[in-house]
Amino acid sequence: MSYDPVITTVAAQPLAAVTARVRPEHMGAVVFKALDSVHAALRTGDYGPYWGDVVLCEGEDDDGVLDLRIGVGLARPFPGMGAVAPWSTPAGEAVQVTHLGAWSQRGAAHAAARDAAAQLGRDLTGVHWEVYGAFDIAARTRPTDVFYEATHG
């Protein structure tokens, strides 16, 4: 798959999210379970419209364990409800790549974004996130926008 990384300026967007620490090989199961819990909490009130499911990685320890915020993008701030807390995506410059293939193959989009940062004169902060679009049943894919927070190199 070919990618066209770009530098974009993003605004902070409100999320309703839960936290998780997870090894990459367990990410799928953890993410889908967490999204189910966030969607369940949001069904109890009028918190829409929603702009996408989001996984925000705030860091990684030396053993490869990821610190995640897993949630749903909202049109307005969320007040919090139990383990589902208000959060937001980062604001500022980011390297962005859109992945149109299977979710399991989105690692190539991450690699393209990281590789492009230096070529575009940017340093990465380590914070990155994915925004998942609507599932295409016929193609069995879900577009994923991958963002890496960046600073001028």
Side-chain angles (χ1 to χ4, degrees), residues 1-40 42 47-75 78 84-85 87-153:
M1 175 166 266
S2 175
Y3 296 102
D4 187 22
V6 296
I7 298 293
T8 187
T9 301
V10 294
Q13 298 292 320
L15 302 174
V18 295
T19 60
R21 286 184 47 80
V22 62
R23 295 196 61 75
E25 62 268 21
H26 300 130
M27 192 168 161
V30 170
V31 166
F32 293 118
K33 182 177 179 182
L35 286 172
D36 284 346
S37 71
V38 173
H39 279 282
L42 293 175
Y47 302 110
Y50 310 125
W51 52 263
D53 292 337
V54 178
V55 174
L56 170 67
C57 180
E58 297 178 306
E60 180 178 345
D61 69 17
D62 292 339
D63 293 325
V65 176
L66 305 170
D67 290 315
L68 303 178
R69 298 276 178 174
I70 304 165
V72 176
L74 304 171
F78 177 71
V84 183
W87 202 250
S88 65
T89 59
E93 278 196 345
V95 178
Q96 178 186 1
V97 172
T98 299
H99 174 70
L100 298 174
W103 189 81
S104 62
Q105 297 173 358
R106 74 200 186 293
H110 283 269
R114 290 189 304 268
D115 292 346
Q119 295 170 5
L120 296 169
R122 302 303 192 276
D123 292 326
L124 300 178
T125 67
V127 174
H128 57 279
W129 63 104
E130 299 176 349
V131 177
Y132 310 115
F135 188 75
D136 181 334
I137 294 172
R140 299 197 46 76
T141 61
R142 187 175 195 190
T144 303
D145 287 317
V146 175
F147 297 87
Y148 273 77
E149 186 176 55
T151 61
H152 285 278

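Since the model is a prediction, treat every value here as computed from it, not as a measurement.
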With [X] via side-chain contact (heavy atoms from CB on, under 4.5 Å) - residues at least two apart:
| X | answer |
| --- | --- |
| Leu100 | Met1, Thr98, Pro143 |
| Glu58 | Leu56, Arg69, Trp87 |
| Asp62 | none |
| Arg21 | Asp61, Val65, Asp67 |

Side-chain ([X]) to main-chain ([Y]) donor-acceptor, under 3.5 angstrom:
| X | Y | answer |
| --- | --- | --- |
| Thr89 | Gln13 | yes |
| Thr125 | Val127 | yes |
| Arg114 | Ala109 | no |

How close do [X] and [Y] get, counting heavy atoms only, and between which atoms?
| X | Y | answer |
| --- | --- | --- |
| Pro5 | Ala112 | CG-O, 3.8 Å |
| Gln105 | Tyr3 | O-OH, 4.3 Å |
| Ala113 | Tyr148 | CB-CD1, 3.7 Å |
| Ala150 | Val95 | CB-CG2, 4.2 Å |
| Gly52 | Val131 | CA-CG1, 4.5 Å |
| Val18 | Ala34 | CG2-CB, 3.6 Å |

Angle between ring planes, His110 versus His128, binned at 30° and 60°: parallel, tilted or perpendicular? perpendicular

Once you measure the plane-to-plane angle for Phe147 and Trp129, does it fall in the parallel (<30°), tilted (30-60°) or perpendicular (>60°) bin? parallel

Do [X] and [Y] have side-chain heavy atoms sitting under 4.5 Å apart?
| X | Y | answer |
| --- | --- | --- |
| Val30 | Ile70 | yes |
| Ile7 | Arg122 | yes |
| Pro24 | Leu66 | yes |
| Phe78 | Leu15 | no |
| Met27 | Val55 | yes |

Among side-chain atoms of Asp53 and His39, is any donor-acceptor pair under 3.5 angstrom? yes

Quick one, Leu68 with Thr19, criterion side chain to side chain contact (heavy atoms under 4.5 Å, CB included). Give me CA distance, side-chain angles, the key distance, then yes/no. CA-CA 6 Å; Leu68 303 178; Thr19 60; over 6 Å; no

For Glu149, enumerate each residue passing the salt bridge (Lys or Arg N to Asp or Glu O under 4.0 Å) test, keeping only those at least two apart in sequence or located in another chain. none

So which pairs with a foot in residues 29-38 pass side-chain hydrogen bond (donor to acceptor under 3.5 Å, both in side chains), sequence neighbours left out? none

Please step through side chain to side chain contact (heavy atoms under 4.5 Å, CB included) for the pair Leu42 and Leu74, ending with a clear verdict. CA-CA 10 Å; Leu42 293 175; Leu74 304 171; 4.0 Å; yes

